[in-house]
Amino acid sequence: MRARVFELASLLLTYPDAELLDAGDDLRAAAALIEPDSVREEVVAFLDWLLGVSPIEAQREYVRTFDLRRRSGLYLTYYLHGDTRKRGMALLVLKQRYRAHGLRLADGELPDLLPIVLEFAAAAGPGDGEAPLRQHRQGLELLRAALTDSGTPYRHLLDAVCAVLPELTDDDRAAISALAVDGPPVEAVGLESIGAGPDLSPYPTCSTVEAGR
């Protein structure tokens, strides 16, 4: 069940080009198989919006949400590590994990891009496949808070993904709130060797209220 959610969310979190929008019937058919009802309703709500607006409006919303709002970036390791050596190591570990399971990245793709992380989780399954989502849960929750705060329809996809992950503990919530206040560390070194240059703009932090949602 989780794999179906991850696979569909991976597709829907990519840029809504003509190929994606033309697959509306297939996307709805895949969403209809999701369980439980509460998770399926989140994905259906997003699809109702995506397939109900014009292509140009769908594309503008994607750009507004993920390209122009730095708080809602799709690169998960940044939330926890910033541009530091630790982020460089985290990206390298992800690439090695993918390679061990036969997943190859396209040139220029970073392994912490959420659609790629979700694609891997769907393909490799519980355990190794879902480990990156668990390891970067703080980033997921901060992204979810930012999307909820902005009111974008993309919030439904993060709600669906987080709903099928293990429930947050009190320690998790405290760590997320602290990260929301403090923000990621800053040290622009250690990324060049794995393809992440210093042009990755930092994302402003969100409030503890947002993080707790």
Side-chain angles (χ1 to χ4, degrees), residues 2 5-6 9-10 13 42 64-98 109-121 128-192 194-213:
R2 292 196 301 273
V5 175
F6 298 151
S10 173
L13 282 166
E42 295 288 357
R64 281 195 299 261
T65 299
F66 299 118
D67 295 341
L68 300 182
R69 293 174 183 153
R70 295 184 299 164
R71 273 181 46 206
S72 51
L74 289 172
Y75 296 95
L76 293 183
T77 62
Y78 185 85
Y79 291 95
L80 185 60
H81 300 303
D83 282 332
T84 67
R85 290 181 178 87
K86 287 185 177 180
R87 186 183 180 204
M89 288 304 301
L91 290 171
L92 182 59
V93 168
L94 278 175
K95 289 185 74 172
Q96 292 173 337
R97 187 186 294 272
Y98 295 166
E109 281 188 331
L110 292 181
D112 62 338
L113 183 68
L114 181 54
I116 296 174
V117 177
L118 290 168
E119 178 187 355
F120 178 69
D128 225 27
E130 296 179 14
L133 288 173
R134 296 192 301 271
Q135 291 164 357
H136 296 285
R137 184 66 182 275
Q138 294 179 32
L140 275 175
E141 291 294 340
L142 289 178
L143 173 57
R144 180 187 180 196
L147 297 181
T148 298
D149 186 55
S150 72
T152 176
Y154 282 95
R155 70 188 186 277
H156 294 295
L157 298 179
L158 267 292
D159 284 346
V161 167
C162 291
V164 298
L165 291 173
E167 186 174 352
L168 293 172
T169 65
D170 289 342
D171 287 344
D172 291 332
R173 295 182 188 280
I176 292 165
S177 294
L179 185 59
V181 172
D182 296 338
V186 177
E187 179 190 3
V189 293
L191 303 180
E192 292 80 0
I194 53 171
D199 58 328
L200 292 176
S201 299
Y203 310 127
T205 59
C206 63
S207 69
T208 54
V209 174
E210 293 171 334
R213 289 176 180 170

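What you see below is based on every heavy atom in this structure, not just the backbone, and it leaves out hydrogens, waters and symmetry mates. One-based numbering along the sequence shown.
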Subject >> Over all atoms of both residues, closest heavy-atom pair of Ala131 and Arg97 >> reply: CB-NH1, 3.8 Å
Original post:
CG/Leu76 to CD/Gln135 distance, rounded to the nearest 0.5 angstrom?
Top reply: 11.0 Å
Subject >> Closest heavy-atom pair and its distance - Leu143, Gly73 >> reply: CD1-O, 3.8 Å
Subject >> Atom pair CG/CG of Leu13 and Leu157 - distance to nearest 0.5 Å >> reply: 5.0 Å
Original post:
Under a 4.5 Å cut-off applied to non-hydrogen side-chain atoms, are Ile116 and Phe120 in contact?
Top reply: no
**OP:** Would you indicate whether the side-chain heavy atoms of Tyr79 and Ile176 approach each other to under 4.5 Å?
**Re:** no
**OP:** Identify the heavy atoms of Ala180 and Leu142 that sit nearest to each other, and give their distance.
**Re:** CB-CD2, 3.7 Å
Subject >> Student check: side-chain heavy atoms of Tyr98 and Val117 closer than 4.5 Å >> reply: yes
**OP:** Would you please name every residue forming a side chain to side chain contact (heavy atoms under 4.5 Å, CB included) with Gln96, sequence neighbours left out?
**Re:** Leu92, Arg99
Subject >> Thr169 side-chain N/O to Asp172 backbone N/O, donor-acceptor pair under 3.5 Å >> reply: yes
Original post:
Which atom names give the shortest non-hydrogen contact between Leu118 and Ser10, and what distance separates them?
Top reply: CB-CB, 3.8 Å
Original post:
Which residues satisfy the salt bridge (charged side-chain N to carboxylate O under 4.0 Å, His left out) test with Glu119, sequence neighbours excluded?
Top reply: none
Original post:
Which salt bridge (charged side-chain N to carboxylate O under 4.0 Å, His left out) pairs, counting each pair once, include a residue from residues 130-140, with sequence neighbours left out?
Top reply: Arg2-Glu130, Arg137-Glu141
**OP:** Check whether any side-chain N or O of Ser150 sits under 3.5 Å from a backbone N or O of Leu147 as a donor-acceptor pair, and report yes or no.
**Re:** yes
Original post:
Has the side chain of Arg144 got a donor or acceptor atom that lies under 3.5 Å from a matching backbone atom of Leu140?
Top reply: no
**OP:** To the nearest 0.5 Å, tell me how far Arg173 CZ sits from Glu167 CD.
**Re:** 6.5 Å
Subject >> Geometric class of the Tyr154/Phe66 ring pair [parallel <30°, tilted 30-60°, perpendicular >60°] >> reply: perpendicular
**OP:** To the nearest 0.5 angstrom, please state how far the CG atom of Leu168 sits from the SG atom of Cys162.
**Re:** 7.5 Å
**OP:** Mark yes or no for whether Tyr78, through its side chain, and Arg87, through its backbone, hold a donor-acceptor pair below 3.5 Å.
**Re:** no
Subject >> Spacing of Leu179 atom CG and Gln138 atom CD [to the nearest 0.5 Å] >> reply: 5.5 Å
Original post:
Any sub-3.5 Å donor-acceptor pair from Thr77's side-chain atoms to Leu91's backbone N or O?
Top reply: no
